Amino acid sequence: MNVKGHDVGGSVLDEETRCAHYHKEVDRISIKFYCCGTYYPCHQCHEEDGCGQASVWPKEHFHEKAVLCGACGSELTVNEYLGCESECPYCQAAFNPACSLHREFYFEK
């Protein structure tokens, strides 16, 4: 699905990248998977429709754009996202703070 000019894979339900697995009001980010360079709303979407080679973003690449705000379409670096996990620094749309519970699926510790 094309969301604000970005291709997003998986079971995307709406224009803010909510998916079949995570679809609360605050579930509005997608993460570009390091392994395939494709945005997915969640790790389950990537497991179902992704490249089959899941790998996390290494710390030395945290300066690269890897998180898509579904509200405004801005791309955030991993560092920007980890520094503001509760809202988009560009449009102030709320992000789901519980996403930090799944960090190990996306980003190196």
Side-chain angles (χ1 to χ4, degrees):
M1 174 180 223
N2 190 286
V3 177
K4 295 175 178 54
H6 302 277
D7 288 329
V8 180
S11 57
V12 181
L13 298 178
D14 67 18
E15 68 282 349
E16 288 197 358
T17 75
R18 291 176 190 87
C19 68
H21 311 103
Y22 298 96
H23 44 268
K24 293 180 182 174
E25 175 65 24
V26 293
D27 292 322
R28 63 171 44 95
I29 67 155
S30 286
I31 296 174
K32 184 187 297 182
F33 275 73
Y34 185 74
C35 46
C36 58
T38 302
Y39 279 109
Y40 287 91
C42 74
H43 62 95
Q44 292 171 303
C45 283
H46 183 261
E47 285 176 25
E48 293 170 1
D49 299 325
C51 67
Q53 305 294 321
S55 60
V56 298
W57 280 88
K59 286 182 182 180
E60 61 268 15
H61 291 275
F62 280 15
H63 64 281
E64 295 180 31
K65 294 186 183 294
V67 178
L68 176 66
C69 173
C72 70
S74 293
E75 291 182 286
L76 288 68
T77 67
V78 176
N79 284 328
E80 284 177 313
Y81 174 68
L82 294 177
C84 68
E85 290 181 359
S86 63
E87 70 177 27
C88 177
Y90 300 99
C91 72
Q92 288 69 52
F95 292 158
N96 189 338
C99 288
S100 64
L101 300 174
H102 306 126
R103 179 183 169 160
E104 73 275 5
F105 293 117
Y106 311 106
F107 312 117
E108 184 177 80
K109 290 187 177 190

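Fair warning: this is a prediction, and the values are worked out from it, not measured in the lab. The analysis underlying the following values was restricted to heavy atoms, covering all of them including side chains, and did not include hydrogens, waters or symmetry mates.
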Pro41 and His21, any side-chain heavy atoms less than 4.5 Å apart: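 Heavy-atom side-chain distance check fails, nothing below 4.5 Å.
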Minimum side-chain heavy-atom gap Cys51-Thr38 below 4.5 Å: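 A side-chain contact is absent here, since even the closest heavy-atom pair is not under 4.5 Å.
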[X] side chain to [Y] backbone, donor-acceptor under 3.5 Å:
X      : Y      : value
Lys109 : Glu104 : no
Arg18  : Glu25  : yes
Asn79  : Leu82  : no
Arg28  : Ala94  : yes
His6   : Val3   : no

Any side-chain donor near an acceptor of the partner, Glu48 and Tyr40, under 3.5 Å: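 Side chains of Glu48 and Tyr40: no pair found under 3.5 Å.
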Which residues share a side-chain hydrogen bond (donor to acceptor under 3.5 Å, both in side chains) with Glu15, sequence neighbours left out: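 Testing Glu15 for side-chain hydrogen bond (donor to acceptor under 3.5 Å, both in side chains), a comparison that skips the adjacent residues, returns none.
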Straight-line distance of Lys32 NZ to His46 NE2, nearest 0.5 Å: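 So the NZ of Lys32 and the NE2 of His46 are separated by 13.0 Å.
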Check: Phe33 ring centre within less than 6.0 Å of Tyr39 ring centre: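 Ring centroids of Phe33 and Tyr39 are no less than 6.0 Å from each other.
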Residues Ile31, Phe107; criterion side chain to side chain contact (heavy atoms under 4.5 Å, CB included); working and verdict: CA-CA 10 Å; Ile31 296 174; Phe107 312 117; 4.2 Å; yes
